[in-house]
Amino acid sequence: EAGVAQSPRYKIIEKRQSVAFWCNPISGHATLYWYQQILGQGPKLLIQFQNNGVVDDSQLPKDRFSAERLKGVDSTLKIQPAKLEDSAVYLCASSLGRDRGTYGYTFGSGTRLTVV
Amino acid sequence: AQTVTQSQPEMSVQEAETVTLSCTYDTSESDYYLFWYKQPPSRQMILVIRQEAYKQQNATENRFSVNFQKAAKSFSLKISDSQLGDAAMYFCAYRVGLNQGGKLIFGQGTELSVKP
């Protein structure tokens with residue numbers, strides 16, 4: 001089975017510019033997550049989708065971050081405008097759905113964003 | 001709110017020896033899941049082992065085992081016969097209840113180095 005695909009792998013932008021990340025989850029996985037991992041820290045959930053609906057976006061800085069999953073498959077996370085503190089790895093993960101989740105999640109390799 | 005704490009930022013072990021990584025968590029839920037993930041430099045989170053809170057038996061996966069102490073809210077990972085390929089960041093994670101979306105909450109991580 002193919003894994004969770006993410007692109008780009010690396011991105012360097014100047015502050016106040018915009019950037020978008022793409023994620024394609026494992027086929028059939030209804031739940032999709034975006035995590036932000038700042039260097040030296042554990043990942044923190046930004047937003048969770050169940051199919052194309054938002055389940056949890058309580059930690060998403062909505063003044064500059066947005067995300068969508070229009071067809072309930074792939075997803076895009078956007079930052080506009082970017083700040084220096086947005087420098088981090090952005091991880092996408094997917095799971096079968098809101099079941100007991102006995103197998104946890106499958107993560108992509110992430111996008112490393114550097115804001116200069 | 002649930003929290004996960006890893007008090008060892010760095011650990012080192014000699015090849016073929018055994019090492020234990022510590023994790024404590026705080027929750028008011030009675031049914032939950034705990035995970036250990038490995039994150040190599042490639043950044044992809046790899047599931048190492050999982051534990052269901054309702055199971056008293058400690059989970060084991062080959063050289064990896066856990067010591068789950070529910071009353072103490074402790075969940076340590078033991079790696080036996082350490083190999084060079086075990087060197088990575090290790091994250092302890094707690095899966096919140098389905099009524100809260102089932103997201104993962106991560107600890108700060110422990111960087112494990114393996115000496116030849």
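In what follows, every chain begins at residue 1, and chains take the letters A, B, ... in the order their sequences are listed.
- By the 6.0 Å contact criterion, CD on B:Gln57 is open, its count of non-hydrogen atoms from other residues, nucleotides or ligands being 12 or less.
- B:Gln44 places a side-chain N or O within donor-acceptor distance of the main-chain N or O of A:Phe107, the cut-off being under 3.5 Å.
- Put simply, of A:Gly40, A:Pro43, A:Ala93, A:Gly108, the one with the most heavy-atom pairs under 4.5 Å next to chain B is A:Pro43.
- Heavy-atom neighbours of B:Lys73 NZ from other residues, nucleotides or ligands within 6.0 Å: above the threshold of 12.
- In A:Lys62, the NZ atom is crowded: over 12 heavy atoms of neighbouring residues, nucleotides or ligands sit closer than 6.0 Å.
- Among the candidates A:Gln37, A:Gln6, A:Arg9, A:Gln41, the residue making the largest number of heavy-atom pairs closer than 4.5 Å to chain B is A:Arg9.
- If you chain together hydrophobic residues whose side chains sit under 4.5 Å apart, B:Phe91 and B:Phe35 fall into the same group.
- The side-chain tip of B:Arg43 points at the ring of A:Tyr10 from less than 6.0 angstrom away and within 45° of straight on.
- Under a cut-off of 6.0 angstrom, the local environment of CG in A:Leu39 is sparse, with at most 12 non-hydrogen atoms contributed by other residues, nucleotides or ligands.
- To the nearest 0.5 Å, atoms CD (A:Gln59) and NZ (B:Lys103) are separated by 6.0 Å.
- Counting non-hydrogen atoms of other residues, nucleotides and ligands closer than 6.0 Å to CD1 of A:Ile12 gives a total of 12 or fewer.
- Contact annotation for B:Gln39: only side-chain heavy atoms (C-beta onward) come within less than 4.5 Å of a heavy atom of chain A.
- Contact record, B:Leu104 with A:Tyr35: N-OH, 3.1 Å, taken as the closest heavy-atom pair.
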